[in-house]
Amino acid sequence: MNLVRELEKDLKIANVICRNGRRHLTSSMNEVSRDLVVNTDSKKKQALMHLLPVLAELLHARDMQVSLESLVEEGNFCKAFQVLSEYLQLLDSFSELSAIQEMSRGVEVWLGRTLQKLDSLLLGVCQEFKEEGYLTVVDAYALIGDISGLAEKIQSFFMQEVISETYSVLKSIILYEVILMLREYDSSEDQDVQMQNSRLTYSDLCLQIPESKFRQCLLRTLAVLFKIMCSYHEIMGFQLENKVLECPATNAKLMKGGTPGSSSIKESTTATSSADTSGRMDSGNVESDKPVSDGRNGDGATSSSGSPWYQLRKEAITFVSQTLQRGRKNLWQLTTSRVSVLLSASAAASTSIHQFLKNYEDLSTFILAGEAFCGVEAFEFRQKLKGVCGNYFAAFHRQNVSALKMVLERETWLRLPPETAQIISFAGLVGDGAPLIAASDGRSSNSRVLRADKSANKVDTGAKKSGFSPWLRNGNPFLLKVSSSHKEAHNSSPLNGTTSVEYEGNVDNIHGDVSPRGDENHINGANSISEEENEDLLADFIDEDSQLPSRISKPNLSRSYSPHFSNDDFTAQTGSSLCLLRSMDKYARLMQKLEIVNVEFFKGICQLFEMFFYFVFETFGLQNMNLSGKTSTDSLNYRLKTALSQITQDCEEWIKTSSGPLSSSTAHADLTATAPQNTNFGSPAGTSFGLKERCAGADTVALVARILHRSRTNLQSLLLKSNTAIVEAFFVHLVGAVPDLVEHIHRTTARILLHINGYVDRIANAKWELKELGMEHNGYVDLLLGEFKHYKTRLAHGGIQKEVQDLLLDYGLEIVAETLIEGLSRVKRCTDEGRALMSLDLQVLISGLQHFVSINVKPKLQIVETFIKAYYLPETEYVHWARAHPEYSKNQIVGLINLVASMKGWKRKTRLEVLEKIE
């Protein structure tokens, strides 16, 4: 039992021990479970603790992403790119995360949008230079490390601006004009017209410019191009000053060299730029490789001129300036090509001379500005402008020649009243007048000053780019004219352009004739318009060139020109001479304005005078009539022949197209010794004009020659020295031949009036083979004296000046002498007594003629006496005598020798030898 009890006791003890063990095991298990939970939580905590920095960086990256967007919206591109560098570094450190990969893809999208906004800002700077915007762009591209790409992009933007702005100017003007026109008929076509015009090229738009809108198109085009050049020059010439600059804030990490995020900026920028055609980034130069200023902190500190940041910005600006300086010629070539296409429009050549001169003045100003801008001479564009001026001159000259021909064909050759001729001045021709047009307003004086000293406008090709600076200071010379050009067609001051004057006479005003006012204030270009009075309402006429109201000057104001013109100059004017002089005066004024083609205008003056010269000769000079009745020009002297030959060559097209009066007015009649049809020489056979008209024609061509001689110095001064030969040839061969033409006209007039051509046969057929000399002279002598008396009566009643009457009487005596010689040279048989009768007839004729003229007649007829005395020469002297007297024609000398040989019994061989030596 004890064993049982011990066993029971032991079992109880074992039970207690088991329960205690179970309790301890349970407690241990619970403790282990607790330890396991703690361990698990500890591991979780450790994992979470490791994740917290990543999450913090992701949150920071998100904040930076929002900051990038806000900075770009604010326009703080420099700070945005600085934040971008840190942002990319952060993304690079967690590139394995999918969220980071998605954010990395968003960087490229952001960078593309940012570069577009940056380019928009840059485009605005190119359109209108602003220092703040330019520095923002430079700082941004400097941080990117693509300064060369910035320089190329600036040039590309300027090229695009030239193309787009010039196209927009024409499109807006032409489209607006077309729409207004169509709305008058059918408004439903407006949209179709807009779509059609939107597809037109620039050259197509130029072809559609109406003449009334060409100047507006030109001015607006020049204005926008000048604005673009100014903006280009301001960027090119911009330099940092040595001053404290506000620098954008940056992260402290960017102050350390070689940040790991630089490659990411480079790669992202390059990838974005490859998709953007306007952006060209340089991936080899990264901003992070250049340490920035230590003085720059997150609060936006200041930086002095010696800081690395200042040096970086300065180097970037200098690089851009140098690149633009090298590329400015390309921009100038593009601008000139656009203007050249505009000048090729038909409207450029069909405008009035007034508008063309204004266009030329503006284009000259533009050329000077362009030459100052690019630093070289605009040779190609000057040649283009010269070609445009040449084409305009050709059309302008054709109009003036046609007008002069019309006036000449309708000319009545009556002198104009002196009071009418006195109101016309030729100040431009003789060199004491103002140019053809004055400046449009006082505000253009700056451009004239710039034009006066062309060398001052040249740009230094080195660092000093001051040649274009005066143009920047004076402002856009075309902008002010754009608004005024639209008003000129409706309301314009009489002094705002060409002033002209009309004259009254027998000639209508010719299209394009312009003369200055007689008022000295107007000649000097003074603006004396009263503000209280509208001068337009008091205008006498509308000038055909400028389409501006103008007034006729009072005659007494033209006395200021009296030192250049005598009373004869005013009384000798005819309608055609006045038209000619006004045209030449205008040409001389245009030589001052259009210096680039002034040689062509001088040649135009020459052609106008040649036309006038030739017409006067054809009208009043019977060149193919001589005493023998044969067609010949032997009666013309060498200088007159040379002048006519040159005119035929120079004016061949004008002479060939001439109408009938140039040749038909000189129909040649069979002049006989019959009594005159009209003692006042109203209309002799074969001629359309009377004595008074013929003398007026001779006087007026002499007047034109005198005025041209006075203008020679002025015309020579307007031309280059290389053109001296042209002026010399004109005045020597053409103007110098005018006295010969005048003499020829007067001799022809005397020959027509005298009616003694038929006396050649009377003298030749008289009886000269006499055996005895009687006391009576031949009957033709009395008839000749009677004809000369009628001749003097016609002159006295012809309404011409006394000096011209005396001159015509003098020529009449010479014609009588020529008639006697021609008649005596045709005598077939004559004895010594017959020769004595010839001398007797001559003495009686001299005695009779002396009663009609005041001069000594004998010297005029000495040539006849010498011819008669040659009958008594020995046969060996005739060769020497013929050579010593070239005043006799070959036929006259041959007739004399044949007569002497026949009457004196010369051998045939001797006569032939003498004739052979003479011939």
Side-chain angles (χ1 to χ4, degrees), residues 121-138 141 147-148 150-166 169 219-241 313-339 362-378 381 446-447 449-451 453-480:
L121 177 61
L122 177 59
L123 183 60
V125 172
C126 293
Q127 292 173 344
E128 185 177 357
F129 178 76
K130 293 181 180 179
E131 180 178 344
E132 181 180 358
Y134 179 59
L135 290 177
T136 300
V137 174
V138 170
Y141 274 91
I147 297 301
S148 61
L150 171 63
E152 294 177 5
K153 188 173 291 186
I154 290 175
Q155 294 184 86
S156 175
F157 281 172
F158 274 110
M159 297 291 186
Q160 295 174 14
E161 277 297 291
V162 169
I163 296 174
S164 62
E165 287 297 320
T166 53
V169 165
L219 285 176
R220 289 186 58 180
T221 300
L222 296 182
V224 297
L225 291 177
F226 185 86
K227 181 181 178 182
I228 292 173
M229 288 194 299
C230 288
S231 180
Y232 189 98
H233 186 271
E234 286 182 297
I235 295 177
M236 181 179 67
F238 180 77
Q239 294 293 338
L240 289 177
E241 298 180 358
R313 175 185 281 181
K314 184 176 181 180
E315 290 175 2
I317 292 175
T318 302
F319 180 84
V320 172
S321 176
Q322 293 174 351
T323 304
L324 294 183
Q325 187 174 354
R326 291 190 298 268
R328 56 185 171 168
K329 296 179 182 178
N330 297 330
L331 180 68
W332 171 243
Q333 289 178 356
L334 180 61
T335 58
T336 54
S337 66
R338 302 294 277 186
V339 178
D362 295 330
L363 289 169
S364 299
T365 304
F366 182 70
I367 289 177
L368 293 179
E371 290 176 341
F373 169 76
C374 66
V376 296
E377 183 180 1
F381 189 61
N446 292 335
S447 63
V449 172
L450 290 172
R451 283 200 309 274
D453 187 8
K454 187 174 179 180
S455 61
N457 296 317
K458 293 297 182 181
V459 176
D460 186 1
T461 56
K464 291 177 62 180
K465 299 175 283 293
S466 61
F468 196 69
S469 300
W471 296 91
L472 289 174
R473 291 194 299 269
N474 292 322
N476 196 324
F478 313 105
L479 199 57
L480 296 176

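- In this structure a side-chain-to-backbone donor-acceptor pair under 3.5 Å is missing from S156 to E152.
- Side-chain contact check for R220 versus V224: every heavy-atom pair is 4.5 Å or farther apart.
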Could you walk me through whether R338 and T335 pass the side-chain contact (heavy atoms from CB on, under 4.5 Å) test, one step at a time? CA-CA 5 Å; R338 302 294 277 186; T335 58; 5.9 Å; no

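- Here the side chains of T365 and F478 are in contact, with some heavy-atom distance below 4.5 Å.
- The structure places NZ of K227 at 15.0 Å from CG of L222, a figure rounded to the nearest 0.5 Å.
- Between A378 and I367 the shortest heavy-atom distance is CB-CG2, 4.3 Å.
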F129 and C230: side-chain contact (heavy atoms from CB on, under 4.5 Å), yes or no, with the steps? CA-CA 9 Å; F129 178 76; C230 288; over 6 Å; no

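- Taking every heavy atom of both residues into account, F157 and C126 meet most closely at CB-SG, 4.0 Å.
- Taking the six-membered ring where tryptophan is involved, the planes of F373 and H233 are tilted, since the angle between them lies from 30° to 60°.
- The two atoms that bring S231 and E128 nearest to each other are OG-N, 4.2 Å, heavy atoms only.
- Using a distance-only test at 3.5 Å, with no hydrogens or angles considered, no donor-acceptor pair links the side chain of T221 to the main chain of T166.
- Separation of atoms CE (M229) and SG (C374) is listed at 9.0 Å; rounding is to 0.5 Å.
- For the atom pair CZ of F381 and CH2 of W332, the computed distance is 6.0 Å after rounding to the nearest 0.5 Å.
- Residues F319 and I147 approach most closely at CD2-CG2, 3.3 Å, considering heavy atoms.
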Yes or no on side-chain contact (heavy atoms from CB on, under 4.5 Å) for T323 and S148, after CA distance, side-chain angles and deciding distance? CA-CA 8 Å; T323 304; S148 61; over 6 Å; no

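- The structure places CD1 of I317 at 14.5 Å from CE of M236, a figure rounded to the nearest 0.5 Å.
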Run the side-chain contact (heavy atoms from CB on, under 4.5 Å) test on W471 and L368 for me, step by step, so that the C-alpha distance in whole Å, both residues' side-chain angles and the decisive distance to 0.1 Å come before the verdict. CA-CA 10 Å; W471 296 91; L368 293 179; 3.8 Å; yes

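- Note on ring orientation: taking the six-membered ring where Trp is involved, the planes of F468 and F226 are tilted (angle from 30° to 60°).
- Contact detail for Y134 and I154: the closest heavy-atom pair is CE1-CD1, 4.3 Å.
- Looking at Y141, its side chain never comes within 3.5 Å of a backbone N or O of A151 through a donor-acceptor pair.
- Rounding to the nearest 0.5 Å places CG of L331 at 10.5 Å from CD of E161.
- Nearest heavy-atom pair, V138 versus A316, reported as atom, atom and distance to 0.1 Å: CG1-CB, 3.7 Å.
- Atoms CG and CG, from L225 and L334 in turn, are 8.5 Å apart once rounded to the nearest 0.5 Å.
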